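Contents: one structure, followed by commentary.
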Amino acid sequence: MPDWILHLDLDQFIAAVEILRRPELRGRPLVVGGDGDPTKRGVVSTASYEARAFGVHSGQPLRTAARRCPDAVFLPVDRAAYEEASAQVFATLRDSGAVIEPLGWDEAFLAHPALRRVRDPEVFAQEIQRRVRLSTRLDSSVGIGHTKLQAKTATGFGKPRGVFRLTAENWFAVLGDLGTDALWGIGPKTSRKLAELGVHSVRQLATASDVELAQVFGPTTGPWLVRLANGGDESPVTGAPWVPRSAGQEHTFQVDVADWAEVRDEVARMAADVARAALADGRGIARVVVKVRFAPFFTETHGRVLSGDADDETAVVAAAMVALDRFERRKPVRLIGVRAEFRSDDA
DNA sequence: TCTGGGGTCCTAGGACCC
DNA sequence: TCTGGGGTCCTAGGACCC
């Protein structure tokens with residue numbers, strides 16, 4: 001029997017962290033997002049299960065959430081608090097002796113010697129849930145599989161507070177008739193494109209032709225889609241520390257900005273911020289990319305490569321200004337962003 | 001459903017070189 | 001000097017995820 005891989009996902013993570021410090025909110029519909037003002041631009045980061053019952057979900061505009069659930073409590077996003085809770089969870093997982101591969105704030109793949117060749121990985125999964133709850137008071141769900149994709153997909157069927165096992169044995173029984181967007185990595189666009197080819201279900205995708213899909217989706221993506229439908233490949237859980245490829249900032253204005261000088265000032269300020277943070281981390285910047293979202297909702301990006309010897313804040317800001325000058329459109333601006341792409345040869 | 005902010009990876013097309 | 005073919009790099013955009 002191959003080794004087991006676990007995937008742990010905290011239940012309604014952000015909402016749960018808020019409830020821990022405001023116990024009076026337990027059992028109430030709670031929405032965390034933006035700056036907590038549901039009349040402003042912003043989206044839902046996490047809704048509590050009570051709010052989800054009203055049709056509120058992650059990614060939804062706060063205004064919509066307020067309309068669907070007027071009695072919900074709205075709170076601003078507090079990154080620092082979630083990062084701290086997240087670090088505690090990962091520390092607990094590592095203390096168990098597991099190899100941990102984090103996937104964002106509230107998820108991780110897990111491999112452990114105790115999972116080698118056992119018949120009942122559920123016992124270990126429940127022990128992990130218990131430890132996380134004990135040290136952080138947070139509930140989680142755990143998926144079990146022989147591949148990361150199996151484990152990750154299983155977790156959703158265990159929520160909340162449950163454990164679910166998904167292997168080649170029950171993969172098609174559980175997923176076969178579901179739409180292709182049930183798979184991790186297939187979103188609405190790809191799902192629709194597949195449907196146009198007559199591929200509607202996971203089962204159909206699993207037996208689709210690599211060659212045909214390669215023609216439509218490209219040589220890498222096409223065959224990968226078929227592999228997904230079959231439960232994924234054997235990439236191992238890696239404990240190697242994550243090295244970011246890029247870092248940046250974005251900001252959506254509450255009111256569209258028509259004054260280009262104001263846009264310039266804001267881009268310069270953000271570029272300086274991004275450069276300072278990157279250089280403080282010892283990362284060299286290879287390229288700066290400026291993003292502008294014009295009203296009503298049209299996004300354009302332009303970048304500028306930095307010469308190898310010009311790696312200071314001033315050079316980064318100057319490069320951002322050059323990139324910004326390549327935008328020709330002059331419409332009201334909804335969002336601006338600055339992203340630094342790091343050199344890969346340094347840590 | 002008037003659409004955040006943090007990211008990653010892949011693709012297509014053009015430039016450029018031999 | 002009517003126009004091949006392959007490789008690589010860069011750029012912008014698309015799609016997806018948490």
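Order of the sequence lines sets the chain letters (A, B, ...), proteins ahead of strands, with each chain counted from 1. All values reported here derive from a predicted model rather than from experimental measurement.
Here ring-ring contact (aromatic ring centres under 6.0 Å, His included) pairs that include residues 5-57 of chain A, with residues two or more places apart or in two chains, are A:His7-A:Phe109. For residues 278-297 of chain A, no pair satisfies ring-ring contact (aromatic ring centres under 6.0 Å, His included), with sequence neighbours left out. Pairs of residues two or more places apart, or lying in two chains, never qualify as salt bridge (Lys or Arg N to Asp or Glu O under 4.0 Å) while including a residue from residues 24-33 of chain A. For residues 85-108 of chain A, every residue pair satisfying the ring-ring contact (aromatic ring centres under 6.0 Å, His included) rule, not counting sequence neighbours, is listed here: A:Tyr82-A:Trp105. Applying the salt bridge (Lys or Arg N to Asp or Glu O under 4.0 Å) test to residues at least two apart or on different chains, none of the pairs has a partner in residues 64-73 of chain A.
Note on A:Leu183: only backbone sugar-phosphate atoms sit closer than 4.0 angstrom, heavy atoms only; bases stay farther off. Across all strands shown, A:Lys193 has no heavy atoms under 4.0 Å from either base or sugar-phosphate atoms. Here A:Arg293 lies in heavy-atom contact (under 4.0 Å) with sugar-phosphate atoms only. Counting non-hydrogen atoms under 4.0 angstrom, A:Gly248 reaches the backbone sugars and phosphates but no base. Heavy atoms of A:Arg304 sit nowhere under 4.0 angstrom from any nucleic acid atom. Within the nucleic acid shown, A:Gly34 has no heavy atom closer than 4.0 Å to any nucleic acid atom. In this structure, A:Val305 reaches the sugar-phosphate backbone alone: every heavy-atom distance under 4.0 Å involves primed, P, OP1 or OP2 atoms, never a base.
Judged by distance alone, the side chain of A:Asp259 and the main-chain N or O of A:Ala261 form a donor-acceptor pair under 3.5 Å. A donor-acceptor pair is defined here as one N or O able to donate and one able to accept, closer than 3.5 Å; such a pair exists between the side chain of A:Asn230 and the backbone of A:Ala206. Counting only distance, with no hydrogens or angles, the side chain of A:Arg117 and the backbone of A:Ala114 share no donor-acceptor pair below 3.5 Å. Between the side chain of A:Arg63 and the backbone N or O of A:Thr39, at least one donor-acceptor pair lies under 3.5 Å. Between the side chain of A:Arg52 and the main chain of A:Ala47, a donor-acceptor pair closer than 3.5 Å is present. Under a 3.5 Å cut-off, the side chain of A:Thr92 and the backbone N or O of A:Val132 do not form any donor-acceptor pair.
Every residue meeting the salt bridge (Lys or Arg N to Asp or Glu O under 4.0 Å) condition with A:Arg21, not counting sequence neighbours, appears here in chain and number order: A:Glu18, A:Asp78. Residues satisfying the ring-ring contact (aromatic ring centres under 6.0 Å, His included) criterion with A:Phe74, sequence neighbours excluded, are absent altogether.
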Pairing string, 5' to 3', for DNA chain B - Watson-Crick or wobble contacts under 3.5 Å, brackets [ ] where pairs cross, | to another strand: ....||||||||||||||
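Separating the P atom of C:dC18 from that of B:dT3 is a span of 23 Å, rounded to the nearest Å.
Only A:Phe217, A:Gly218, A:Pro219, A:Thr220, A:Thr221, listed by number, bring a heavy atom of residues 210-224 of chain A to less than 4.0 angstrom from any atom of DNA chain B. For DNA chain B, the residues of residues 48-66 of chain A within the heavy-atom distance limit of 4.0 Å (strictly under) are A:Gly59, A:Arg63, A:Thr64, sorted by number. Against DNA chain B, the stretch residues 318-334 of chain A makes heavy-atom approaches under 4.0 Å through A:Arg334.
Mapping A:Arg67 and A:Arg245 onto DNA chain B by nearest heavy atom places A:Arg67 closer to the 5' end of the strand.
A salt bridge is defined here as a Lys NZ or Arg NE, NH1 or NH2 lying under 4.0 Å from an Asp or Glu carboxylate O, and A:Lys193 with A:Glu196 fails to meet this definition.
Linking ILVMFWY residues whenever their side-chain heavy atoms come closer than 4.5 Å, directly or via other members, leaves A:Val163 and A:Val237 in distinct clusters.
At least one side-chain heavy atom of A:Trp260 sits less than 4.5 Å from a side-chain heavy atom of A:Arg330.
For DNA chain B, the span of nucleotides reached by chain A at under 4.0 Å from its heavy atoms goes, 5' to 3', from B:dT1 to B:dT11.
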